[in-house]
2 protein chains.
Amino acid sequence: MAVGGATYAHGVPKRPTLQDVADAVGLAPATVSYALRGERGSADTLARVQAAATALGYQINPIAAALASGRSRTVAVLCGSTRDLWQQSLTADLARALLAEGRHALVADADGHPEREEALLAKLRDQRPDGLLVAPLDPFAAQWEELARQLPVVAIGDRLAEAPSAGAVVFDNARGFAQVFDHLAELGHRRIAVVLPERPSTPDRPAERLVAREARRCGMSVDLVRTAPATADADTMTDHLATALGGRDRPTAAFCLTDSFAFAVLRAARRLGLEVPGDLSVVGFEDVEFADLAGPGLTTVDWGRGAVVDAAVGQLLAAVDDDEPLRTVTISPRLVVRGTTGPAPSRS
Amino acid sequence: MAVGGATYAHGVPKRPTLQDVADAVGLAPATVSYALRGERGSADTLARVQAAATALGYQINPIAAALASGRSRTVAVLCGSTRDLWQQSLTADLARALLAEGRHALVADADGHPEREEALLAKLRDQRPDGLLVAPLDPFAAQWEELARQLPVVAIGDRLAEAPSAGAVVFDNARGFAQVFDHLAELGHRRIAVVLPERPSTPDRPAERLVAREARRCGMSVDLVRTAPATADADTMTDHLATALGGRDRPTAAFCLTDSFAFAVLRAARRLGLEVPGDLSVVGFEDVEFADLAGPGLTTVDWGRGAVVDAAVGQLLAAVDDDEPLRTVTISPRLVVRGTTGPAPSRS
DNA sequence: CCGGGGAAGTGAAGCGCTTCATATTACCCA
DNA sequence: TGGGTAATATGAAGCGCTTCACTTCCCCGG
């Protein structure tokens with residue numbers, strides 16, 4: 001190439017290979033391979049190989065290793081939608097945690113489309129990851145079953161209905177919901193809107209059922225607002241909310257199953273001219289960073305992202321490395337009361 | 001394994017290989033390889049190969065392909081610190097954009113430690129990525145030079161001082177700063193604090209110089225607050241701020257070179273009992289999502305993350321695929337005035 | 001003194017693909 | 001009708017590593 005374009009074929013100094021190290025110490029490549037992994041060989045050999053490798057600046061070629069061994073020291077991270085703040089942070093934290101454990105993270109983002117989730121999965125699988133961490137968009141999809149048979153899978157946020165062999169880190173929604181309902185009930189709210197993601201293929205709707213149960217328990221009535229999982233934009237939410245809040249006997253609080261939803265509701269409320277929490281109380285359900293800064297501070301349920309990440313990564317790597325069984329870990333909630341909730345406005 | 005642990009060696013149905021497809025159509029593997037990539041072969045052959053591949057459910061093994069060809073269809077994304085909200089979103093967006101272009105993203109996060117940045121780079125390089133997108137922690141490090149000779153590199157946020165052959169997507173700080181200073185000057189601020197990341201090895205300090213110039217231009221005095229790049233926590237910021245705001249003739253506004261810094265300042269101000277913007281105006285410099293929701297809405301400079309992502313990914317892939325030259329793209333700023341800035345308090 | 005057993009080291013066969021050099025065929029124009 | 005050329009197809013050599021099966025060698029007990 002004369003014009004522009006550096007051509008990267010030149011100037012690359014061709015890194016030393018296993019063979020080079022083997023030649024340097026006068027041993028067979030096989031021996032070096034074992035020695036470098038500390039799997040076999042005398043202490044002496046091991047030391048000499050180490051020394052030679054260091055001296056030559058040898059770095060293993062993970063691609064060749066992956067091809068030969070069938071495992072890649074890479075973990076796929078599939079996220080339902082990074083437009084959701086909590087998931088975005090989760091993904092970043094997972095990648096960081098994996099890296100700390102010496103694995104690379106191969107991240108993909110289904111961006112709210114269940115069909116994309118499926119397609120991405122196929123592609124990720126081709127990269128032969130050692131395991132998969134997924135915040136599933138559609139936990140009821142059939143694909144999980146086969147996948148979980150092929151490699152260790154840990155789901156975050158939902159159990160994979162069709163894949164009993166997969167691990168999971170789930171939230172104790174029953175307790176979380178109870179705390180939220182109690183809090184709102186104490187403040188005198190009698191009718192609330194519940195904003196939740198609509199799921200593509202949900203035979204049963206545990207969240208809905210829980211909401212109904214809590215409403216009954218606290219003597220509240222509920223307006224369900226279903227919206228796309230990635231909806232954090234105010235426009236859609238404004239529409240939803242305008243409808244929900246239209247009637248005379250309108251809800252006085254909104255309980256959002258995602259902090260991103262709560263932010264959208266906050267924006268929508270602003271547009272609709274509603275004071276928070278004067279006219280409308282808002283509760284989130286995740287405690288993202290910055291929840292404390294949103295408006296008067298978002299009241300929300302904290303699940304401890306660190307705990308989630310540790311549980312998920314720990315469990316997955318235990319399965320990958322030591323063939324430990326996968327299980328379901330339940331994370332406990334903590335209600336964090338901030339400024340977006342207040343007494344229900346008196347009915348006029 | 002009797003107890004627990006599924007062993008994933010079994011039940012994996014062994015995917016079809018190139019050879020299988022070749023057998024199916026009665027052609028040589030080489031022919032199939034070319035055909036599948038549409039590089040050679042008659043239209044007829046091509047169609048038959050396609051059909052057979054589909055019928056068998058053949059999926060290429062990217063690892064084998066990478067080993068044989070020396071390129072991986074993977075792009076490494078190295079991020080200075082995903083604790084910074086803007087970078088976190090940036091990383092997510094980059095991954096999404098890459099995926100849309102059919103590349104996998106291999107993400108790594110230096111987490112604020114320049115030495116980790118170097119180590120990660122070595123590991124990433126071993127994975128033989130086709131290119132590298134990096135939001136550098138230390139744009140002055142020497143390592144970039146060699147790296148940029150070996151593969152296409154695009155830096156985001158800073159030009160890599162030592163690597164003239166690398167591409168870059170940078171911000172027009174001169175204009176951004178000017179807008180911020182004008183805005184604050186108009187509001188009557190005469191002394192401001194500027195919160196900026198301290199850089200590990202910075203021979204010259206362009207940001208500092210710009211700040212000085214603008215201050216002179218607007219007749220302001222400036223207190224520099226340097227803090228670790230990943231500092232978004234309120235504790236540290238409170239300390240910094242307490243010091244900076246201690247004197248009698250204290251700054252009446254804080255200009256933060258990162259929205260995350262601004263959020264930390266907002267928190268710190270709350271702790272110190274300062275009203276925003278009554279006692280202290282705060283300006284960010286990135287416009288992360290939700291900046292509008294922080295307190296009374298963060299005044300900040302918007303760089304359009306979408307534009308940054310497009311420029312970076314577009315440029316990099318053009319270099320990877322078509323050997324196009326890399327260049328420096330400058331992104332223009334837009335000041336977004338929201339609620340965290342107001343008139344300077346009258347001196348008492 | 002001999003045989004058995006275990007540790008250390010090795011040869012060679014892949015893993016599944018790309019790609020170069022070569023062979024084959026077909027086609028066109030002189 | 002024949003030689004040249006372009007278009008297709010193919011054989012085979014890797015890419016750099018892992019791992020199985022095997023040889024050597026040494027040590028110890030019988």
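Below, chains carry the letters A, B, ... as their sequence lines are ordered, and counting in each starts from 1.
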Length of the CZ-P vector between B/Arg73 and C/dC17, whole Å: 16 Å
Side chain of B/Ser42 (C-beta onward), nearest among C/dT19, D/dA9, C/dC17: D/dA9
Value in whole Å for how far the P atom of D/dC17 lies from CD of A/Glu39: 16 Å
Distance below 4.0 Å between B/Thr31 side-chain N/O and D/dT10 OP1 or OP2: yes
Closest nucleotide among C/dT19, C/dT10, D/dG16 to the B/Leu67 side chain: D/dG16
Rounded interatomic separation in angstrom, taking CG from B/Asp23 and C1' from C/dG16: 13 Å
Main-chain N/O of A/Val320 paired to A/Asp130 side chain as donor or acceptor, under 3.5 Å: no
Rounded interatomic separation in angstrom, taking CZ from B/Arg128 and P from D/dC17: 8 Å
Candidates C/dT18, C/dG11, D/dC20 - which lies nearest the side chain of A/Arg40: D/dC20
Sugar-phosphate only, base, or nothing, as touched by A/Ala68 at under 4.0 Å among non-hydrogen atoms: base
B/Ser33 side-chain N/O to C/dT18 phosphate OP1/OP2 under 4.0 Å: yes
Rounded distance (nearest 0.5 Å) linking atom CG of B/Asp111 with atom CG of B/Asp84: 11.5 Å
Short side-chain to backbone donor-acceptor contact, A/Ser33 and A/Pro29, under 3.5 Å: no
Spacing of B/Leu46 atom CG relative to D/dA7 atom P, expressed in whole Å: 16 Å
Heavy atoms from other residues, nucleotides or ligands near CZ of A/Arg48 exceed 12 (cutoff 6.0 Å): yes
Considering all heavy atoms, the nearest B/Leu67-A/Ala64 contact: CD1-CB, 3.7 Å
Contact under 4.0 Å: B/Thr45 side-chain N or O vs D/dT8 OP1/OP2: no
Under 4.0 angstrom between A/Arg37 side-chain N/O and D/dT19 OP1 or OP2: yes
5' precedence on DNA chain C between A/Ala43 and B/Ile63 (nearest-nucleotide basis): A/Ala43
Atom-pair distance (CG on B/Asp20; P on C/dC17), nearest Å: 9 Å
Any B/Val77 side-chain heavy atom under 4.5 Å of A/Val107 side chain: no
Value in whole Å for how far the P atom of C/dT22 lies from OH of B/Tyr34: 14 Å
Proximity to the side chain of B/Ile60 - top-ranked nucleotide from D/dT10, D/dC15, C/dC17: C/dC17
Side chain of B/Asn61 (C-beta onward), nearest among C/dC17, D/dG16, D/dA12: C/dC17
Most 5' of A/Gln59 and B/Leu27 on DNA chain D, judged by nearest nucleotide: B/Leu27
First encountered from the 5' end of DNA chain D, between B/Asp44 and A/Pro62: B/Asp44
Separation of atom CG in B/Leu18 from atom P in C/dT18, rounded to whole Å: 6 Å
Sugar-phosphate, base or nothing in reach of B/Ala65, heavy atoms under 4.0 Å: sugar-phosphate
Touch class at under 4.0 angstrom, heavy-atom based, for A/Ala64 against every strand present: base
